[in-house]
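Encoded as structure tokens, the structure appears first; notes follow it.
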Amino acid sequence: MAGTTVEQAVSKDDLIIPLIDFGQFLSNNPSTKKATADAVLEGFQKAGFIYLKNHGISPSTVSTVFSHSAKFFARPKDQKDALAWYSAAANRGYTAQGREKLVVLEETGTEEELRKTVPDLKESLEIGRDDQPDTPNMWPSGDEEAKVFKKEMLGFFGTCKSLHMQVMRAVALGMGIEESWFDGFTDAGDNTLRLLHYPSVSKKIFKRNDGQLQVRAGEHSDYGSITLLFQDARGGLQVRSPKGTFVDATPIEDTIVVNAGDLLERWSNDTIKSTKHRVVEPPPKPEDADKDEYPPRYSIAYFCNPNYERMIEAIPGTCEDAGRKYGDVASGEYIIGRLTATY
């Protein structure tokens, strides 16, 4: 695309995920800014996924957050269990391995079959905005690392919130509406910072005899507007292609994978795609060939939502061809309902 830097991060089975230089949007040069916004929107419309480089979050910041995440998950089990996730309305706290199943009814058919699906091989910590006393975050305590952990995570939460606003400004500009149109939907920060740890696991786990696919995180779409995903180098993320296959979304250093969620798909009257994805057996690496286990994998997902009190109606200009497909829904009501069905 003229005026901006767009490469192909993924190209297989009719799935093309662009790698976009987002620095050219943040630079405020009018021509490159519009071209970059167009590339962002096109990526969401065609693939539901994009990669961003030069996104404004330094590698050292991301590295520090990953380091503190690993230290958290290395804490004793009783310390983590004391911080347990406690309600869908809060969506804060620690989720032990096996509690969450992301495979949805669409894939299984009935709730009984859903309960029989294989639990995901991961543990997580959810962190929300820290100014709501009725739904407090569950912070570790009792040592100096706990204090540093809280400070670093809250700082990173704010950094990601700012990037969320910028990506939505790019979507608005690409759609031909006022660039600040989404600002009043993103300024509260009703988002979730999710630290994820996929523990080391025997290679035999992925070779099941019962016909079911053992995954580290089941096939699913995200619930909100967009998700900012920070991967480590292990890999394992796969995105469903238009042909129905799953394609590796290979980690690219210093990039963020950004995908559209179900609420943005609805908000855009289905002009933007919320694409199914999963985390599976990581691609083989030569150094792992003789090992019986896959090493641990870490990732960080920042789930972005419209402000919970806002009503979600069709974005201007999205209903002209197909008519309006959805009724109004409150953002918080929608997100909490989806979370309730997950846990």
Side-chain angles (χ1 to χ4, degrees), residues 4-7 9 17-29 32-33 36 40 49-75 94 122-130 137 139-141 143-170 186 189 191-200 226-237 249-259 279 282 285 287 295-304:
T4 191
T5 302
V6 180
E7 305 167 62
I17 303 179
L19 170 58
I20 299 169
D21 183 354
F22 200 60
Q24 297 192 45
F25 180 83
L26 299 175
S27 70
N28 283 321
N29 177 288
T32 58
K33 186 170 188 173
T36 305
V40 168
F49 274 76
I50 60 176
Y51 284 63
L52 295 183
K53 65 179 181 180
N54 297 324
H55 41 70
I57 302 178
S58 71
S60 62
T61 295
V62 175
S63 177
T64 296
V65 173
F66 267 100
S67 175
H68 287 291
S69 174
K71 290 176 183 178
F72 171 80
F73 289 115
R75 287 179 176 271
Y94 171 72
K122 67 179 187 300
E123 58 180 341
S124 65
L125 180 70
E126 325 294 315
I127 299 168
R129 51 188 287 196
D130 205 45
N137 282 310
W139 298 110
S141 61
D143 53 54
E144 188 61 31
E145 166 58 24
K147 297 177 183 178
V148 177
F149 177 85
K150 179 177 179 179
K151 178 182 177 182
E152 292 291 343
M153 295 306 154
L154 288 179
F156 191 64
F157 189 101
T159 297
C160 290
K161 175 188 170 184
S162 296
L163 181 57
H164 171 213
M165 296 186 74
Q166 291 289 357
V167 173
M168 295 308 294
R169 287 171 182 167
T186 57
N191 308 321
T192 299
L193 172 61
R194 182 178 225 198
L195 310 180
L196 285 152
H197 173 221
Y198 302 84
S200 59
I226 62 170
T227 301
L228 311 178
L229 178 65
F230 303 81
Q231 300 192 78
D232 68 5
R234 295 306 312 170
L237 174 66
T250 305
I252 299 176
E253 189 174 5
D254 298 336
T255 68
I256 304 172
V257 176
V258 187
N259 63 281
V279 180
K285 294 181 180 292
E287 62 268 26
R297 176 182 186 265
Y298 294 88
S299 67
I300 298 166
Y302 187 79
F303 296 103
C304 305

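Quick caveat, the model's predicted, so the values are computed rather than measured.
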Rounded to the nearest 0.5 Å, what separates atom [atom1] in [X] from atom [atom2] in [Y]?
X	Y	atom1	atom2	value
Asn191	Cys160	CG	SG	9.0 Å
Leu154	Arg129	CG	CZ	12.5 Å
Phe73	Leu195	CZ	CG	5.5 Å
Leu19	Ile252	CG	CD1	5.0 Å

Taking ring-ring contact (aromatic ring centres under 6.0 Å, His included) as the definition, give me every residue that meets it alongside [X], ordered by chain and number, with sequence neighbours left out.
X	value
Phe303	none
His68	none
Tyr302	Phe157

Contacts table for residues 49-56: side-chain donor-acceptor under 3.5 angstrom, sequence neighbours left out:
unit_1 : atom_1 : unit_2 : atom_2 : d
Tyr51  : OH     : Ala249 : O      : 3.4
Tyr51  : OH     : Thr250 : N      : 3.3
Tyr51  : OH     : Thr250 : O      : 2.8
Lys53  : NZ     : Glu7   : OE2    : 2.9
Asn54  : ND2    : Asp21  : OD1    : 3.0
His55  : ND1    : Ile57  : N      : 3.2
His55  : NE2    : Asp254 : O      : 3.2

Can you name the residues that form a side-chain contact (heavy atoms from CB on, under 4.5 Å) with [X], not counting sequence neighbours?
X	value
Glu253	none
Ser67	Lys71
Pro140	Phe72, Arg75, Leu83, Ala146, Phe149

Worksheet, complete the sentence: Tightest non-hydrogen contact, residues Tyr94 and Ser124, listed as CD1-O, 3.2 Å
Practice prompt. Kindly give the heavy-atom pair with the smallest separation between Leu229 and Ala301, and that separation in Å.
Written response: CD1-CB, 4.2 Å
With the side chain counted from C-beta on, respond yes when [X] and [Y] share a heavy-atom pair under 4.5 Å apart, and no when they do not.
X	Y	result
Ile127	Thr192	no
Leu193	Glu126	no
Arg297	Gln231	yes
Pro251	Asp232	no
Leu163	Ile256	yes
Val65	Met153	yes
Thr36	Leu26	no
Thr64	Phe156	no

Worksheet item: Would Ile20 and Phe25 satisfy side chain to side chain contact (heavy atoms under 4.5 Å, CB included), going step by step from the backbone distance to the final call?
Response: CA-CA 10 Å; Ile20 299 169; Phe25 180 83; over 6 Å; no
Side chain to side chain donor-acceptor pair (under 3.5 Å) partners for [X], two or more places apart:
X	answer
Thr61	Ser58
Thr227	Asp222
Arg169	Asp183
Ser63	none

Item to complete: Would you sort out whether Cys304 and Thr186 count as a side chain to side chain contact (heavy atoms under 4.5 Å, CB included), showing the intermediate values?
Response: CA-CA 8 Å; Cys304 305; Thr186 57; over 6 Å; no
Practice prompt. May I have the step-by-step check of side chain to side chain contact (heavy atoms under 4.5 Å, CB included) for Asn29 and Gln24, ending in yes or no?
Written response: CA-CA 7 Å; Asn29 177 288; Gln24 297 192 45; over 6 Å; no
Discussion item. Please list all pairs meeting side chain to side chain donor-acceptor pair (under 3.5 Å) that have one or both residues in residues 150-162, counting only residues at least two apart or in different chains.
Written reply: none
Fill in: Between Tyr298 and Phe230, ring centroids under 6.0 Å
no
Worksheet item: Are the side chain of Ser299 and the backbone of Leu196 linked by a donor-acceptor contact shorter than 3.5 Å?
Response: no
